[in-house]
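For reference, the structure is listed below as C-alpha cells.
None of these values were measured; they are calculated from a predicted model. In listed order, ligands and their atoms are each counted from 1.
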Amino acid sequence: MAALHDKFGRAITDLRISVTDRCNYKCVYCRTGNEGALYGDLPFSDYLRMARVLVGMGITKVRLTGGEPLLRNGVVDFVRGLAQVESREPLDIALTTNGHLLADLAQPLKDAGLSRVTVSMDAVDPDRFTRITRVPGGFDHVLAGIRAAKRAGLGPVKVNGVLLRGFNEGQIIPFGMFAREEGVVLRFIEFMPLEEDRTWSPSTVVTLDEILARMAEYLPLVEIPRGASETARRYRFEDGIGEIGIIAPVSHPFCGHCSRIRITSDGKIRTCLFSVWDHDLHAQMRRGASDEELAEFIRGVVQKKEERHHIGEADFVHASRTMVHIGG
Ligand code: SF4
C-alpha cells in the first residue's frame, strides 16, 4: 500500500495516540483552567486496530501520550500489542509521560516492547518543580522514574522542559548540568498557545536564540545535523558530555517537514496540533467500517492536513482543543 502523503507531499510516518486526557499533574502552562478530563478514553483494542490500519499505511513511529498515559491500567499490554503489529520494519514505539508513575513501570514497558521514553519535566529544582506542577513531592518520583528508565534500557531517555518567562527561564543552565550528570538528552520546548484559559502571549515565550545564548554562558555548544522530520535543533556540549535540543515551533517553525498525525483519547484524528477540526475515526469503527474503509477515511482526512500553524499571525485561530486533550 502506498505510503501516506498529504497534499503538500509530506510523508506521514509518525502517529501519536493519546490514551487518556486525564492527568495527575496540574502544570501552570497547560492546566491553567479547571477543565479536567473532558473526552474520556476508549478500550485499548480500539486504539490497537487504528494503529494496525495506520501502520499498514506507512506509519513507522507510534508515540503514546495523554493527559498522562501511565494513569491507564493496561498500558503495558497495549505496548505489547503494538509491538506485535505486523509492519515492514520494526515499529518504533515511544512514550511521553510526566514520569510520576514511571519508576515501577519502566522495566515492564521495556519488556513489552517500548523503545524509548520522554519525560516531561520543567524544572530540576524541586521547589520550582512543585510551583509549576502544583503537585507536592512529585520531583522525587520523576527523578526515580528517569533513573529506572535508564536502568531498563529505554534510552536515550529524553527530558522535555517547557520554558515560560517568569517561571523557569532561570533553569536553563541547571538543566544543562542535570542532563550531563544524569546522562539524559535534554529538549527545551518553546511555550505554545495550547493552554486551557488562553493566556499565552509572545512575551511569555523563551526563544531558541535566548536559550542558546544562556547555555553558551555555561559551556560552548556545537550544532548537530538533524534529520528531515526532526522537530528539535540539536547541540552537543563541546567537551562531548551531554546533548541538548530545542523544539522551537514559535520562533523557528518546522511545519514544512511535519510527518505527524494524532489520535485523541476519544478516537478523533487531528491533522495538526493547531487544527480547528476533529475527524471522528471511532465513529467509522462504530458504524462497522472495514479496515479498507478506515484506510480510505484516513487518506481523505490526511488530504485536509494544514500546511502550517499561524502562531503570532493576525489570522491565528486557537486550536479546537487544548494540549492536555490532544497529547504532545
Ligand atoms: S504545528 Fe501542525 S503542521 Fe506544524 S509541525 Fe506542528 S503538527 Fe505539524
Side-chain angles (χ1 to χ4, degrees), residues 3-18 21 29-30 39 50-51 54 57-67 92 94-96 118 120 158 160-163 187-196 198 200-202 204-208 226-234 245-279 281 298-328:
L4 206 47
H5 285 80
D6 69 11
K7 66 175 177 282
F8 305 103
R10 297 174 293 192
I12 305 302
T13 56
D14 297 11
L15 172 65
R16 299 187 176 191
I17 304 177
S18 168
D21 66 344
Y29 58 85
C30 177
Y39 298 93
M50 294 171 181
L54 278 150
M57 301 173 78
I59 291 289
T60 57
K61 289 184 188 172
V62 177
R63 177 175 289 276
L64 308 189
T65 66
D92 178 1
L95 172 97
T96 300
T118 298
S120 304
K158 288 188 182 149
N160 277 1
V162 175
L163 291 175
R187 291 278 183 270
F188 291 113
I189 305 179
E190 290 180 344
F191 179 36
M192 291 180 275
L194 287 164
E195 76 297 354
E196 281 179 353
R198 314 300 191 186
W200 182 92
S201 77
T204 54
V205 177
V206 181
T207 66
L208 176 140
R226 65 177 175 154
S229 69
E230 257 190 280
T231 56
R233 292 181 181 230
R234 299 168 57 199
I246 303 169
I247 299 173
V250 179
S251 67
H252 294 74
F254 38 79
C255 302
H257 298 287
C258 183
S259 57
R260 289 167 295 284
I261 58 171
R262 294 169 171 85
I263 290 178
T264 61
S265 63
D266 56 330
K268 311 273 181 17
I269 299 177
R270 290 186 63 82
T271 47
C272 169
L273 258 183
F274 292 93
S275 189
V276 294
W277 309 105
D278 288 342
H279 307 273
L281 182 59
I298 293 165
R299 210 167 277 113
V301 166
V302 165
Q303 289 316 303
K304 298 177 183 142
K305 181 174 171 64
E306 296 79 353
E307 184 177 11
R308 62 184 182 83
H309 69 64
H310 294 258
I311 300 172
E313 296 172 28
D315 60 353
F316 174 71
V317 177
H318 273 105
S320 53
R321 290 186 183 215
T322 58
M323 182 62 100
V324 72
H325 304 300
I326 302 171

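Interface atoms of ligand 1 facing F274, defined by a heavy-atom separation under 4.0 Å, are 1 (S). Each of the following atoms of ligand 1 lies closer than 4.0 Å to a heavy atom of F254: 5 (S). Residue-ligand proximity, R262 to ligand 1, at heavy-atom distances under 4.0 Å covers atoms 7 (S).
Within the 2.8 Å limit, C272 places no N, O or S atom next to atom 4 (Fe) of ligand 1. Inclusion of C255 in the first shell of atom 8 (Fe) of ligand 1 is not supported: no N, O or S atom falls under 2.8 Å.
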* To do: Check the pair E196 / V324 against side chain to side chain contact (heavy atoms under 4.5 Å, CB included), numbers first and verdict last.
  => CA-CA 8 Å; E196 281 179 353; V324 72; 4.0 Å; yes
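Here the shortest heavy-atom pairing between V276 and H318 reads CG1-O, 3.5 Å.
Counting protein heavy atoms only, atom 7 (S) of ligand 1 is closest to L273 N, 3.4 Å. Counting only heavy atoms of the protein, atom 8 (Fe) of ligand 1 lies nearest to C258 SG, 2.4 Å. Scanning the protein for heavy atoms near atom 5 (S) of ligand 1, the closest one is R260 NH2, 3.4 Å.
For H257, the NE2 atom sits in a loose shell: 12 or fewer heavy atoms of surrounding residues, nucleotides or ligands are nearer than 6.0 Å.
Not a single heavy atom of H257 sits less than 4.0 Å from an atom of ligand 1.
In this structure the side chain of F274 reaches within 4.5 angstrom of the side chain of I311, judged on heavy atoms. At least one side-chain heavy atom of L273 sits under 4.5 Å from a side-chain heavy atom of R262.
In this structure a side-chain-to-backbone donor-acceptor pair under 3.5 Å is present from E195 to W200. Panel note: side chain D21, backbone Y39; a donor-acceptor pair is recorded below 3.5 Å.
Proximity of R270 to ligand 1, defined as any heavy-atom pair under 4.0 Å, is not found for any part of the residue.
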